[in-house]
Amino acid sequence: MTSDPSCLFCKIVAGVLPSDEVLRDDHVVAFRDLHPVAPTHILVVPTTHVAHLSEFAGSADPEACARLLAAAAELGTRFGAHGYRVVTNEGPDAGQSVHHLHLHVLAGRPMSWPPG
Ligand code: DGP
């Protein structure tokens, strides 16, 4: 498992920084977002340091990818009684601020489309 000691989410995965954790296994950790934009706002991150989704292009570990998506689905099902949204941001245009891949699982309110 690779880890970047300077990465915020690697520190959360390692337990060096606290988080409101809702799920953990060998492949993923999920915890509540510090600045929620919905009543349920959970981040699902791979336990291995992957900065961006595009790093998975062509060379992804299929088991890790599948587990990341399955964990988001499990959390959406658990917390989104009326539906949920799964989002990932990559690069400046999308507003990515933490460079450790994460899926946002949003639920608990109606959401508009297209996103801003
Ligand atoms: P993004 O903009 O897509 O890179 O999302 C990063 C998210 O990470 C943002 O919604 C706020 C959240 N966040 C930033 N720092 C922390 C932290 O220390 N703890 C937690 N739980 N969330 C954080």
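Counting starts at 1 for both ligands and their atoms, in listed order.
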> How about His102 and His104: are their ring centroids closer than 6.0 Å?
Replying inline: yes
Could you identify the single nearest non-hydrogen protein atom to [atom] and state the distance to 0.1 Å?
atom                    : result
atom 4 (O) of ligand 1  : Ser97 N, 2.7 Å
atom 9 (C) of ligand 1  : Asp33 OD2, 3.3 Å
atom 21 (N) of ligand 1 : Arg32 O, 2.9 Å
atom 5 (O) of ligand 1  : His102 NE2, 3.0 Å
atom 22 (N) of ligand 1 : Leu34 N, 3.2 Å
atom 15 (N) of ligand 1 : Leu8 CD2, 3.3 Å

Quick one: does [X] get an N or O within less than 3.5 Å of an N or O on ligand 1?
X      : result
His104 : yes
Phe31  : no
Asn89  : yes

>> Can you tell me which portion of Leu17 lies within the under-4.0 Å heavy-atom range of ligand 1? Options are side chain, backbone, both, or neither.
In response: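 No part of Leu17 is near ligand 1 at this cut-off.
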> Does Phe9 reach the side chain of Leu101, with side-chain heavy atoms less than 4.5 Å apart?
Replying inline: no
> Do His27 and Leu68 have side-chain heavy atoms sitting under 4.5 Å apart?
Replying inline: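 Answer no - side chains too far apart.
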>> Out of all atoms in ligand 1, which are within 4.0 Å of some heavy atom of Gln96? Include the element for each.
In response: 4 (O)
> Just which atoms of ligand 1 are under 4.0 Å from any heavy atom in Phe9?
Replying inline: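 So the answer, numbered in order with elements, is 8 (O).
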>> So for atom CG, which belongs to Asp93, do other residues, nucleotides or ligands contribute more than 12 heavy atoms lying within a distance under 6.0 Å?
In response: no
> How far does CG of Asp61 sit from CZ of Arg67, to the nearest 0.5 angstrom?
Replying inline: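 So the CG of Asp61 and the CZ of Arg67 are separated by 13.0 Å.
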> Between atom NE2 of His49 and atom NE2 of His99, what is the distance when rounded to the nearest 0.5 Å?
Replying inline: 9.5 Å
>> Is it the case that the side chain of Gln96 and the backbone of Ala51 share a donor-acceptor pair, with hydrogens and angles ignored and the cut-off at 3.5 Å?
In response: yes
> Under 3.5 Å, is there a donor-acceptor pair between the side chain of Arg109 and the main chain of Thr40?
Replying inline: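 Side chain of Arg109 to backbone of Thr40, a donor-acceptor pair under 3.5 Å: no, none is there.
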> Non-hydrogen atoms of Gly95 versus ligand 1: any pair closer than 4.0 Å?
Replying inline: yes
>> Leu43 and side-chain contact (heavy atoms from CB on, under 4.5 Å): which single residue from Asp33, Ile12, Leu103 fits?
In response: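 Looking at Asp33, Ile12, Leu103, the match for Leu43 under the side-chain contact (heavy atoms from CB on, under 4.5 Å) is Asp33.
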